[in-house]
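Before any comments, here is the structure.
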Amino acid sequence: MVLPATLSHDAGSYSDLPQDGQEEAGPPRPRRPPAFYSSVFAQIEEVGWGRLASATGDDGVSCLAFRVVDEQGRQHLLEITLPMNYPACPPSIAADVPYLPKLQWSKSARLKDVVCQFQEHLKILQAYWSTMDDIDKALWVVDPAKPAYAMSHRRIALGDDCYILLNVDAQKPNSLPECRFLGTDGKLERLIKNWRKNRNRWSANKKFHENLATVLDFTLPQPPSISIKDDQQADCGICYATHLPTDDELGTQSGCATDYTCENSSCSRAFHSVCLRDWLRAITTTRQSFDVLFGNCPYCSEAVAVKITDR
């Protein structure tokens, strides 16, 4: 994000330090004309004050963030930074997208034009996000646990401690992705050979997970089941094991199965309380009240709460 530059002191001034503890007054910061504020307020009105998420910056309005909803209901935050010579020069933008649009700008353009161009850009990205949704739903994604909209990579579990790291082209999401295999060479040899031999069988008309299975000539493991029977146990969504290891350091939790389930019915991920507690402790937004940690599910952002217990 680009902020207005501030003037620096002349290098030679360091030899003439102010006496008696008094600081030398620096050059005044450049100020925007009053017409700037009235113009920006009017432009915010055009976009809609209800869509304004925040207004910050040195003057309170130089950095604006607007809420934008795409046609699939995804929520986006568009950050717009206004330069000192706005609107003669275009604003800069930032958002959680794989790549940003190139703004078309003129001196008569307004904030609503920026928002409209961003909305059009979101339409172009729908095919990319549909592809990423297909990956997240049909394949066993190990990393990232909570992917941002801009993230175009996924680490997929293939079983036997083997993985494939995929990087999807956001501008051509249906094309053959870049990939890297991770794991034991002996176990990966056949998959790498199949990838090189069958990559020309990748079809833009097939779903991503179907293409991947075809090219690898391999039955891809499904993601850990989130709907289990009473006599079954689910793998932990953090450590990917059903039971914790048998270890004296874990105390009463040693060897325990998953004992916490996300209350979001569309998620229902299972966790070990120990794993979830350690994960929450590593997140800066986690809150603690007495002996309870409050945060969000790593998969769906549903509110979760875990009691702190000694191992």
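Any value given below was found using the heavy atoms of this structure, including those in side chains, with hydrogens, waters and symmetry copies removed.
Annotation: the span from Asn264 atom CG to Cys262 atom SG amounts to 5.0 Å, rounded to 0.5 Å. Taking CZ from Phe271 and CG from Leu276, the interatomic distance works out to 6.0 Å, rounded to the nearest 0.5 Å. Atom CD of Gln43 is separated from atom CG of Leu64 by 9.5 Å, given to the nearest 0.5 angstrom. Here Leu212 contributes atom CG and Leu220 contributes atom CG; the two are 5.0 Å apart, rounded to the nearest 0.5 Å. In this structure, Met132 CE and Leu166 CG are separated by 8.5 Å, a value rounded to the nearest 0.5 Å. To the nearest 0.5 Å, the span separating OG on Ser62 from CZ on Arg32 amounts to 5.5 Å.
Transitive grouping of hydrophobic side chains (ILVMFWY, heavy atoms separated by less than 4.5 Å) keeps Met151 and Ile124 in distinct clusters. Residues Tyr299 and Ile283 fall within the same hydrophobic cluster, defined by Ile, Leu, Val, Met, Phe, Trp and Tyr side chains chained together at heavy-atom separations under 4.5 Å. Under a hydrophobic clustering in which Ile, Leu, Val, Met, Phe, Trp and Tyr are joined whenever their side-chain heavy atoms come within less than 4.5 Å, directly or via other members, Ile192 and Phe218 fall into the same cluster.
Listed by chain and number, the residues in a ring pair (Phe, Tyr, Trp, His ring centres under 6.0 Å) with Tyr149 are His76, Trp129 (sequence neighbours excluded). For Asn167, the side chain to side chain donor-acceptor pair (under 3.5 Å) partners are Ser152, not counting sequence neighbours. Take Asp133 and apply the side chain to side chain donor-acceptor pair (under 3.5 Å) test, not counting sequence neighbours, and it matches Arg74.
Partner of Ile164 under the side chain to side chain contact (heavy atoms under 4.5 Å, CB included) criterion, chosen from Leu191, Leu188, Leu139, Ile156: Ile156.
A donor-acceptor pair shorter than 3.5 Å can be found between the side chains of Ser106 and Ser108. Counted by atom type alone, Thr242 and Asp235 present one or more donor-acceptor pairs between their side chains at under 3.5 Å. Side-chain contact of Asp259 with His272: a donor-acceptor pair under 3.5 Å is absent, judged by distance alone.
Pro91 has its side chain within reach of Val114: a pair of non-hydrogen atoms, C-beta onward, lies under 4.5 Å apart. In this structure the side chain of Ile308 never reaches within 4.5 angstrom of the side chain of Val292, judged on heavy atoms. Using a 4.5 Å heavy-atom threshold, the side chains of Val68 and Phe118 count as touching. Side-chain atoms of Thr214 and Lys206, non-hydrogen and from C-beta on, do get closer than 4.5 Å to each other.
A donor-acceptor pair under 3.5 Å links the side-chain atoms of Asp70 to the main chain of Gly73, judged by distance alone. For the pair Tyr128 (side chain) and Asn174 (backbone), a donor-acceptor distance under 3.5 Å is absent.
In Glu46, the CD atom is crowded: over 12 heavy atoms of neighbouring residues, nucleotides or ligands sit closer than 6.0 Å. The neighbour count for Gln126 CD, taken as heavy atoms of other residues, nucleotides or ligands under 6.0 Å away, is above 12. The local environment of CD in Glu263 is sparse, with at most 12 non-hydrogen atoms from other residues, nucleotides or ligands closer than 6.0 Å. The neighbour count for Arg287 CZ, taken as heavy atoms of other residues, nucleotides or ligands under 6.0 Å away, does not exceed 12.
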**Q.** side chain to side chain contact (heavy atoms under 4.5 Å, CB included) between Val304 and Leu280, worked out
**A.** CA-CA 9 Å; Val304 294; Leu280 288 173; 4.2 Å; yes

Q. So Leu111 and Asp113, side chain to side chain contact (heavy atoms under 4.5 Å, CB included) or not? Walk me through it.
A. CA-CA 5 Å; Leu111 290 176; Asp113 299 315; over 6 Å; no

Q: Go through Arg281 and Leu293 one step at a time and tell me if the side chain to side chain contact (heavy atoms under 4.5 Å, CB included) criterion holds.
A: CA-CA 8 Å; Arg281 279 177 168 169; Leu293 294 176; 3.7 Å; yes

**Q.** Criterion side chain to side chain contact (heavy atoms under 4.5 Å, CB included) on Val274 and Leu244, from CA distance to verdict
**A.** CA-CA 9 Å; Val274 171; Leu244 289 169; 4.3 Å; yes

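In this structure, Trp195 and Phe181 have perpendicular ring planes: the angle between them is above 60°, well past the 30° mark.
The salt bridge (Lys or Arg N to Asp or Glu O under 4.0 Å) contacts involving residues 141-165 comprise Asp136-Arg154, where partners must be two or more places apart or lie in separate chains. A ring-ring contact (aromatic ring centres under 6.0 Å, His included) check over residues 31-68, counting only residues at least two apart or in different chains, returns nothing.
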Can I get a per-line list of side-chain donor-acceptor pairs under 3.5 Å for residues 97-105, giving both atom names and the distance, sequence neighbours left out?
residue : atom : partner : partner atom : Å
Trp105  : NE1  : Pro87   : O            : 3.1

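We find that Lys123 and Glu120 are joined by a salt bridge, their nearest charged nitrogen and carboxylate oxygen being less than 4.0 Å apart.
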